[in-house]
Every structure is written in C-alpha cells, then in structure tokens.
Amino acid sequence: MIITTSSAAAAAAAVAAAALALLAPASARNINADYCKHAQTACIVVGPTQKYTTIQSAVASLDDTTPYTIVVQSGVYHEQVNVTRTGPLTLRGETTQSEDIAFNTVNITWSAAAGTGNNLTDNAYSSVLTVAPNLNASLTGSGPTGFPVLPNNPFGNVDFRAHNINFENKFSDHSSGPALALSVGYSNSSFYRCGFYSFQDTLYVGKLANAYFKENIIAGQTDFFYGFGTAWVENSTVVLRNCGGGITAWKGTNTTFTNKYGVYIHNSAVVRANSSLAITGNAILPAGYIKWSATDNRINNQTFMAEYSTYGPGFNATARAANAGIGMVLTHAEYSPYSSPDRVFQFPFTSVEGNTAWLSGDR
Ligand SMILES: *[C@@H]1O[C@H](CO)[C@@H](O)[C@H](O)[C@H]1NC(C)=O
Ligand SMILES: *[C@@H]1O[C@H](CO)[C@@H](O)[C@H](O)[C@H]1NC(C)=O
Ligand SMILES: *[C@@H]1O[C@H](CO)[C@@H](O)[C@H](O)[C@H]1NC(C)=O
Ligand SMILES: *[C@@H]1O[C@H](CO)[C@@H](O)[C@H](O)[C@H]1NC(C)=O
Ligand SMILES: *[C@@H]1O[C@H](CO)[C@@H](O)[C@H](O)[C@H]1NC(C)=O
Ligand SMILES: *[C@@H]1O[C@H](CO)[C@@H](O)[C@H](O)[C@H]1NC(C)=O
Ligand SMILES: *[C@@H]1O[C@H](CO)[C@@H](O)[C@H](O)[C@H]1NC(C)=O
Ligand SMILES: *[C@@H]1O[C@H](CO)[C@@H](O)[C@H](O)[C@H]1NC(C)=O
Ligand SMILES: *[C@@H]1O[C@H](CO)[C@@H](O)[C@H](O)[C@H]1NC(C)=O
Ligand SMILES: *[C@@H]1O[C@H](CO)[C@@H](O)[C@H](O)[C@H]1NC(C)=O
C-alpha cells in the first residue's frame, strides 16, 4: 500500500501490496453491440458503421440526467472525450474477455501536452478523457493549492464508469510537459480493466473528484498520479516507462475540515515496461519518498506520505527507516484509517466517510 495524502508530494515508492482479500472475479463476459439489447440502462453503440462514429458525438447526444451505457466497438478512436453531464454514464469497450485487460480492443488516443514550449495554458486541455461539469472544474491551475474551488460551481457526473478501454496520450515518448490520459473534477468515477498511457501526469484526479481504479494499467515516467481529490487504485499495475520522475505528486486541498484527499495504491505492483529499458535498482529509491524540493514548505510538513506492507526488490527497510519524517512505514493500527475505499472516500465538504455508493453494482 502506498499512501500520499494532503498537500503536495513527490515520491518514488516501493512495490506495493497489502493484506486485504479480493472479491472473486466476475465471470467471463463477451461485450459487443448486442450488449445494448439487454443493458440495464438506455444504451447506444459507437463504431465505424454506427450512427455515432466518435465517442464524443455519442456523449454529446445524451440528455443531462438519464442513466446511459455506451458500447464502443473495437478500434482506435483519435479524439478527446469530455463528459460534462451529471447522469450516470458507463463506457464499455468491446471485448471477448471483459475480466481481463489483456483482451482490450478499444483505444482512445490523443496527443497534447501543456507547459513551456507547448501551446496549452492549462493541463486540462491535454487530457484524452475529461470528466468534469465545466472548464473551471477541470483546471489544475498552479501553486500548492491550484485553481480554487469556486463556491457555486456545480458538481458533475454522479457515477461515471469505464470498462475495458485504453486511454493513450501519445504526445511524446518521454516526459515533456503534462500530457494527461485522464482528468476528473467535481465528479465520481470508476475504471475497470482500463489502461492509461502517457509519460507525464498520466492521471489527474482533481478538486472534489473521486476516482477508483481496479485491475488497471497506469503507465508513465513522471508524476503518474497527481491531483487534489481522492484516488483508490486496486489490484493494478503501475508501469515505469523510464526513470527520473515521481510516481505520486499529490497537491491536496486546503480545507476547513479534516480530509483524506490523496492517492491510495493498494494490492498493486510497480514494474518496468519491458526488459529493454535500463531501469534497475534506481527506479525505486531505497529511501522511498522524497521531498518535492528542499525548501518548498507546501510539502515539507504538510504531506503525509506512507507505506504499509510493501515488499519486493524496491523495498529497503533500512533506508525507509532512515527517511522517517519524509516518508513513513506504518503499523497496522496507523494504516487502519486508510485501509479501504469506505475509509477514504468522504462526502463533499465534510469529513464523513463512506461515499462509495457510486462503486456498487454493475452496469
Ligand atoms: C492500444 O493500446 C495498447 C496500450 O498502449 C497498445 O499496446 C496497442 O498497441 C494499441 N493498439 C493499437 C491498435 O494501437
Ligand atoms: C503551437 O502552435 C503553433 C501555431 O499554431 C504551431 O506552429 C506549433 O506547432 C504548436 N506547438 C505545439 C507544441 O503544439
Ligand atoms: C468540456 O466541455 C465543456 C462544455 O462544452 C467546456 O466548457 C470545457 O471547456 C470542456 N473541457 C475541456 C477540458 O476542454
Ligand atoms: C471560472 O472561474 C472564474 C474565476 O477564476 C470566474 O470568473 C468564472 O466566472 C468562472 N466561470 C464559470 C463558467 O463559472
Ligand atoms: C458522488 O456520490 C455521492 C454518493 O455516494 C453523492 O452524494 C454525490 O452526489 C456524487 N457526486 C459527486 C459529484 O460527488
Ligand atoms: C519498452 O517500453 C518503452 C516505454 O513504454 C517503449 O518506448 C519501448 O518501445 C519498449 N521496448 C520494447 C522492445 O518493447
Ligand atoms: C488555507 O485556507 C485558509 C482559509 O480557509 C487561509 O487562511 C490560508 O491562507 C490557506 N492556506 C493556504 C496554504 O492556502
Ligand atoms: C491482484 O490480486 C491478486 C490476488 O490478490 C494477486 O495475485 C495479483 O498479484 C494482483 N495483481 C497485481 C498487479 O498486483
Ligand atoms: C512548516 O509550516 C510552518 C507554518 O505552518 C512554517 O512556518 C514552517 O516553515 C514549515 N516548515 C517546513 C520545514 O517547511
Ligand atoms: C538499503 O539501504 C541502506 C541504507 O541506505 C544501504 O546501505 C543499502 O545498500 C541498501 N540496500 C540495497 C539492497 O539497496
């Protein structure tokens, strides 16, 4: 288990795993256009010979509130997808084995990055998939607290889900500015057997965002996970495509209530992309987490960066212990408040736990 919560943080962390048991896997499921005939919600199909040939045109055709499923037929879709509606929406990629990410056949690709030398004024514009009610809700902004939470900004999607889809930001083959595969703001979202591929800032879970990732692949080089909201990563693979950047870089949110905003990586593995990459012992620093910078007080006493029950070649207990004060290796009792989605997903603007209704059931 890797935890980074509150304020800003940069980290290189160990191969992660923790003791909780998993639910039994769902039975094999063949997803294709026929799925819409027996879907539990209104349902439409996107594909090269369908009425809607792009995912965004299908999303744009929906009203704001009716629960919908969109089945996406096999193929590569080069487009940005932007979900602003509030009603439940599930995207399902065509597959013969929905319980195994290796059988995914749908890729959504885009190529864009923000930052010096690139043309985008905010990271938000680079993302392959955005789930946020409006532009303000998706902006990263700058500095420790980023673009502010606006008092009257509405919430976005109450229950967005994606199954069996790869999201690839192909801007570059190395870190060269924030190039998001996913951006979530002011919304609930969950991702099952999805792939997220970029080199910098692959996943953005922003202000008032909840995001749950199960059996996903998240690939990158620098700051794979960043944001201000709450992300739980379950039974997933974090793929290092090169060295030189943090795995987590959480900024947290300044609130008047106790919050557990942060990223929680649970029962998961950190691996290199392939054996031809010169990534060895230096991929995970022996000490684990590092400070964002030597002097930046956004993190140096405001960030909680911790591990519980991690193991593998990237875990050096001696060096971790010597790093106390920056990163922490938790006892079971210390880990307990962060040990499940129910403990970390809180209701907006309160410290009340158990905001997980959007995780239950299957659509
Ligand atoms: C789809 O994405 C995966 C993951 O990046 C990649 O391995 C595969 O080659 C892509 N497929 C196509 C047809 O581009
Ligand atoms: C930025 O925009 C200019 C003008 O449209 C274009 O020539 C240039 O290629 C763009 N740069 C990037 C990195 O996209
Ligand atoms: C998403 O769509 C909304 C509504 O059209 C728009 O205001 C917003 O700028 C878009 N978001 C991004 C990141 O482009
Ligand atoms: C977006 O935020 C700015 C404040 O930075 C505000 O002036 C503007 O009205 C907001 N836009 C919307 C559509 O709420
Ligand atoms: C998320 O889910 C909770 C209930 O689990 C709900 O109260 C909330 O409205 C949903 N949407 C957002 C954006 O929080
Ligand atoms: C290894 O992974 C890197 C990063 O994803 C990629 O650029 C490279 O092409 C891969 N090499 C092989 C041989 O697959
Ligand atoms: C946090 O918010 C409070 C007001 O709620 C403000 O006084 C304080 O300056 C803020 N701190 C930072 C680091 O933004
Ligand atoms: C997923 O969970 C199973 C059962 O706990 C475990 O064997 C497997 O290694 C996990 N996968 C990853 C990527 O950690
Ligand atoms: C910790 O925060 C306090 C203010 O809350 C600040 O005065 C101090 O410099 C910070 N220490 C470090 C090491 O950043
Ligand atoms: C573990 O860390 C200690 C202290 O930093 C160091 O002396 C030792 O060489 C490290 N062991 C490995 C296998 O990296």
Side-chain angles (χ1 to χ4, degrees), residues 12-15 64 82 84-86 101-102 107 109 111 113 121-125 128 130 132-143 145-156 166-176 179 181 183 185-187 195-203 206-208 216-224 228 237-245 247 253-254 269-290 307 310-329:
V15 175
D64 192 52
N82 180 358
T84 57
R85 76 195 302 267
T86 59
I101 191 172
N107 287 10
T109 69
S111 298
T121 52
D122 191 277
N123 302 0
Y125 299 105
V128 182
T130 299
N134 51 40
L135 180 62
N136 278 351
S138 67
L139 295 176
T140 295
S142 61
T145 52
F147 190 82
V149 172
L150 302 174
N152 299 316
N153 202 100
F155 277 86
N166 299 330
F167 300 88
E168 302 177 288
N169 190 322
K170 308 185 86 156
F171 179 75
S172 175
D173 64 358
H174 59 276
S175 296
S176 50
S183 167
Y186 292 60
S187 299
F196 296 94
Y197 296 84
S198 180
F199 280 81
Q200 188 167 337
D201 297 322
T202 308
L203 296 188
K207 294 286 172 70
L208 304 178
N216 284 219
I217 294 172
I218 301 104
Q221 176 182 356
T222 301
D223 300 349
F224 301 52
F228 304 91
T237 307
V238 176
V239 176
L240 307 175
R241 307 177 96 183
N242 216 328
C243 284
I247 292 174
T253 295
N254 183 24
V270 178
V271 302
R272 64 177 165 173
N274 57 58
S275 58
S276 65
L277 289 170
I279 298 175
T280 52
N282 65 346
I284 305 294
L285 295 172
Y289 290 103
I290 57 171
E307 295 172 80
T310 57
Y311 63 88
F315 186 73
N316 181 329
T318 314
R320 292 295 206 280
N323 197 36
I326 297 175
M328 272 183 78
V329 177

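As the structure lists them, so they are numbered: ligands from 1, and atoms in each ligand from 1. As the structure is a computational prediction, the values presented were derived from the model and not from experiment.
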- Verify, without hydrogens or angle tests, whether Gln221 (side chain) and Ser175 (backbone) share a donor-acceptor contact under 3.5 angstrom.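 Yes: the side chain of Gln221 pairs with the backbone of Ser175.
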- Test item: Arg320 side-chain N/O and Val329 main-chain N/O as donor-acceptor pair under 3.5 Å: no
- Residue pair Asn82 / Thr130, side-chain donor-acceptor N/O under 3.5 Å: no
- Quick one: do Leu240 and Ile247 satisfy side-chain contact (heavy atoms from CB on, under 4.5 Å)? Show the steps, please. CA-CA 9 Å; Leu240 307 175; Ile247 292 174; 4.3 Å; yes
- N/O of Asn316 under 3.5 Å from N/O of ligand 10, yes or no?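 Right, the criterion is met.
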- Can you list the ligand 10 atoms lying under 4.0 Å from a non-hydrogen atom of Ala319?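 Listed by number with element: 2 (O), 5 (O).
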- Sub-4.0 Å atoms of ligand 6 with respect to non-hydrogen atoms of Asn274: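 Those qualifying, in numeric order: 1 (C), 2 (O), 3 (C), 8 (C), 10 (C), 11 (N), 12 (C), 14 (O).
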- Contact atoms of ligand 6, heavy-atom distance to Ala273 under 4.0 Å: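 Heavy-atom distances to Ala273 below 4.0 Å select 2 (O).
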Write out each pair where an N or O from ligand 4 and one from the protein are under 3.5 Å apart, with the distance.
residue  : atom   : partner : partner atom : Å
ligand 4 : 2 (O)  : Asn136  : OD1          : 3.4
ligand 4 : 2 (O)  : Asn136  : ND2          : 2.3
ligand 4 : 11 (N) : Asn136  : ND2          : 2.8

- Query: With Ser198, which of Leu203, Asn169, Val128 fulfils side-chain contact (heavy atoms from CB on, under 4.5 Å)?
  - Reply: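 Option passing the side-chain contact (heavy atoms from CB on, under 4.5 Å) with Ser198: Asn169.
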- Item | Phe199: ring-ring contact (aromatic ring centres under 6.0 Å, His included) partners, not counting sequence neighbours |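 Phe199 satisfies ring-ring contact (aromatic ring centres under 6.0 Å, His included) with no residue once adjacent residues are dropped.
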- Could I get the full list of salt bridge (Lys or Arg N to Asp or Glu O under 4.0 Å) partners for Arg85, not counting sequence neighbours? Asp63
- Backbone, side chain, both or neither: what part of Leu277 comes under 4.0 angstrom of ligand 6, heavy atoms only?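 The answer is the side chain of Leu277.
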- Query: Mind checking what makes side-chain hydrogen bond (donor to acceptor under 3.5 Å, both in side chains) contact with Asn166, not counting sequence neighbours?
  - Reply: Asn104, Asn107
